[in-house]
Amino acid sequence: MSGLSGLIRQAKFDLLIFRRNPAATFFTIVLPLIFLFIFTAIFGNEEIRPGVRAATFYVPGILGLAIISATATNLAITMTTRRERGVLKRVRGTPIPAWTFVASQAVAGLVLCLIMTVLIVLIGWLVFEVSLSMSSVPSLIITVLIGAMSFAAIGLALTSIIPSEDAAPAVTNAVFLPLYFISDIFIVGEDTPGFIQTIGNIFPVKHLANALQESFDPFVDGTPWPVTNWLVILGWGLVCAAITLKTFRWTPRR
Amino acid sequence: MSDAIEVTDLHKSYGDHHAVRGVDLHVAEGEILAFLGPNGAGKTTTIEILEGFRDRTSGNVRVLGEDPQDAPLPWRERIGIVLQESEPVPELTAAEAVRMQAGYYQNPRDPDKTLELVGLSDSADHRTRKLSGGQKRRLDLALALVGNPSLVFLDEPTTGFDPSARRESWGMIEALRHLGSTVLLTTHYMDEAEQLADRIVVIAAGQIVAEGTAEELAASVNAMTRITWQPSPDDPRPPGRFGWSPDEHGGAMIETNDVLMTLHALTSWATELAIDLPKLNVARPSLEDVYLLLTTETNEGGGS
């Protein structure tokens with residue numbers, strides 16, 4: 001089988017497996033929408049800048065959370081589970097190239113990200129009157145692509161430090177939950193303390209949120225090019241891809 | 001006929017622990033070989049080296065003409081593996097799991113026919129997490145066979161099964177013979193090895209201690225037939241010429257290779273004195289005895 005058709009075939013199975021896993025579906029699709037409604041309904045109408053409602057920032061911020069859930073969180077948990085249950089070891093015993101199998105996971109994650117993007121943009125527009133200008137669409141798509149691929153790599157790299165199936169949700173939450181608070185996702189605004197902003201700037205979550213938020217910013221003329229954000233996200237993605245190549249385990253740890 | 005598996009002087013150490021100590025192993029094409037030994041004897045380590053999951057410390061290994069340590073991926077087209085512990089993906093049905101696995105191979109078997117082969121057609125549309133332990137093991141075998149391999153590794157395929165499930169699996173493994181596959185099977189059940197394999201190799205403490213058919217193994221340890229009985233306390237002791245000894249249950253035991261003559265002498269002696277030989281029993285060495293003799297000797301002698 002050629003690499004590409006094998007990859008697509010496997011990605012389809014991965015999406016089928018995802019769809020039938022209630023926990024993964026809830027945390028990836030339902031929970032971000034719940035957050036979207038809660039945060040936007042409560043704080044959405046506050047003005048964070050003259051003429052800009054918080055909703056304008058919450059809609060892309062939660063989209064960032066959805067992208068991270070669909071890739072990093074999802075992969076860290078499912079790949080650890082599969083490793084510990086011997087599923088990956090069995091795959092390793094077949095002729096499918098390792099990269100085809102791993103890349104298919106990222107592709108399945110990307111498909112989920114695109115679905116969530118359409119869903120959240122539509123809900124933002126229809127329910128919260130947050131509109132996206134057509135000129136921002138190319139930038140949004142690039143951010144989603146870079147974000148999905150990089151955070152997929154981050155999730156795969158995380159599996160190397162997760163010792164067991166039980167620890168997987170705990171470790172991923174411990175990594176991402178605090179970041180959501182300091183990365184313009186749960187709390188939007190420029191009046192957070194300086195050191196919090198500095199810490200946020202080191203990690204890729206804030207850069208993903210900010211790149212998405214720029215696409216929705218009504219004061220940006222034409223197509224936004226958040227190049228610095230993209231480069232930081234890509235940098236994290238590449239480092240984590242390298243870590244994955246070096247440390248990814250196919251056999252159970254127990 | 002060339003050998004499917006050739007192993008010479010294989011060693012594997014984990015730190016100070018020398019798990020495999022100079023194993024030689026040859027499996028001919030089409031042969032079913034049982035690799036028999038107690039837990040911790042080095043069976044799984046050896047088989048995982050052959051499967052390419054572990055690197056060896058030293059020695060030569062050829063599996064289907066390649067060194068598993070750096071065999072190219074197409075080598076895996078010809079190999080099927082049933083791992084000791086490997087769950088199917090719980091969200092898929094049995095049929096979907098086999099179809100997904102079939103997609104990894106260039107020339108797979110038909111997935112539906114493979115399920116039929118292992119007797120799982122009736123459960124094809126059940127989610128794998130709903131399958132019973134025995135059904136999961138059948139699915140494991142289906143997943144190993146769907147790539148149409150010429151060599152199949154089965155690592156303890158019936159461990160943890162009740163006797164009826166074990167017999168059922170034996171039927172399935174027997175079916176592999178008709179497909180013409182070479183099979184390397186590990187087990188710690190002597191009867192399983194005898195039932196399924198053309199040849200048995202016994203490993204203990206990382207070394208091969210015997211090799212051959214079940215009969216050849218029995219002959220090699222020279223296990224003797226045991227004549228036992230339970231003398232009444234009032235009866236006279238038998239004379240020393242019988243070479244008897246008290247057994248662990250307070251009875252008398254004679255070990256001999258000349259069963260007929262010994263029995264004749266013993267019963268003549270008893271008839272002359274007009275005494276009975278209560279619970280007289282003649283036991284040929286069981287395969288289990290042979291196995292225990294083979295494996296305990298080495299464990300006691302070769303411990304590190």
Side-chain angles (χ1 to χ4, degrees), chain A residues 1-28 74-75 77-105 107-108 164-165 248-254, chain B residues 44 47-48 50-55 63 66 68 71-93 95-108 127-130 136 139-149 151-155:
Chain A
M1 156 169 330
S2 82
L4 191 63
S5 68
L7 193 154
I8 292 168
R9 196 172 182 287
Q10 183 60 37
K12 280 186 185 166
F13 273 110
D14 293 325
L15 287 169
L16 176 67
I17 293 164
F18 171 83
R19 220 177 61 210
R20 290 195 187 150
N21 184 324
T25 316
F26 176 79
F27 283 106
T28 309
N74 204 10
L75 281 184
I77 295 172
T78 58
M79 293 302 254
T80 304
T81 306
R82 290 189 191 178
R83 180 188 73 205
E84 292 306 307
R85 292 186 183 173
V87 175
L88 295 185
K89 187 171 180 181
R90 192 193 327 254
V91 171
R92 198 65 165 138
T94 74
I96 187 177
W99 77 266
T100 306
F101 185 79
V102 172
S104 76
Q105 312 294 320
V107 168
S164 69
E165 196 178 334
F248 190 74
R249 276 184 68 111
W250 296 81
T251 51
R253 278 218 182 165
R254 63 187 145 74
Chain B
T44 294
I47 202 170
E48 290 206 335
L50 302 185
E51 290 164 346
F53 285 126
R54 282 174 207 263
D55 289 350
V63 175
E66 300 278 355
L73 273 182
W75 174 73
R76 296 212 169 272
E77 296 277 351
R78 298 182 286 152
I79 287 171
I81 298 173
V82 173
L83 295 164
Q84 209 178 113
E85 283 177 341
S86 176
E87 295 269 316
V89 177
E91 290 88 355
L92 295 179
T93 66
E96 286 162 349
V98 175
R99 245 179 276 143
M100 182 169 86
Q101 183 95 352
Y104 301 157
Y105 296 88
Q106 302 276 0
N107 302 303
R127 297 279 172 89
T128 61
R129 79 179 123 88
K130 300 248 162 101
K136 273 189 186 156
L139 178 58
D140 282 339
L141 190 60
L143 293 172
L145 294 181
V146 75
N148 208 359
L151 169 64
V152 183
F153 291 102
L154 302 169
D155 198 3

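All chains are named by letter (A, B, ...) in the order of the sequence lines, taking the proteins before the strands, and each is independently numbered beginning at 1.
Shortest non-hydrogen contact noted between A:Gly86 and B:Leu83 is O-CD1, 4.3 Å. Shown here for A:Pro95 and B:Arg76, the closest heavy-atom pair between the two residues is N-CB, 3.8 Å. Taking every heavy atom of both residues into account, A:Ile17 and B:Val89 meet most closely at CD1-CG1, 3.7 Å.
With a threshold of 4.5 angstrom between heavy atoms, B:Leu92 approaches chain A through its backbone and through its side chain. Interface residue B:Phe53: only side-chain heavy atoms are found under 4.5 Å from chain A. Residue A:Glu84 does not touch chain B at all, counting heavy-atom pairs closer than 4.5 Å. For A:Pro97, the parts lying near chain B are the backbone and the side chain together; criterion is any non-hydrogen pair under 4.5 Å. For A:Leu16, the part lying under 4.5 angstrom from a heavy atom of chain B is the side chain only. The contact between B:Pro90 and chain A is made entirely by side chain atoms (from C-beta outward), counting heavy-atom distances below 4.5 Å. Residue contact with chain A, scored on non-hydrogen atoms closer than 4.5 Å, involves the side chain of B:Arg127 exclusively.
The structure places CD1 of B:Ile79 at 11.5 Å from OG1 of A:Thr94, a figure rounded to the nearest 0.5 Å. For the atom pair CD (B:Glu91) and CZ (A:Phe13), the distance works out to 13.0 Å, reported to the nearest 0.5 Å. Once rounded to the nearest 0.5 Å, the distance linking OG1 of A:Thr81 with CD of B:Glu87 reads 11.5 Å.
You'll find the side chain of A:Phe101 reaches within 4.5 Å of the side chain of B:Tyr104, heavy atoms only. Using a 4.5 Å heavy-atom threshold, the side chains of B:Ile81 and A:Lys89 count as separate. In this structure the side chain of B:Thr93 reaches within 4.5 angstrom of the side chain of A:Arg20, judged on heavy atoms.
Contact tally against chain A (heavy-atom pairs below 4.5 Å) for B:Gln84, B:Met100, B:Gln101, B:Glu77: the top residue is B:Met100. For the set B:Gly147, B:Gly52, B:Pro88, the entry with the most heavy-atom pairs within less than 4.5 Å of chain A is B:Pro88.
Heavy-atom contacts from other residues, nucleotides or ligands closer than 6.0 Å to NZ of A:Lys12 number 12 or fewer.
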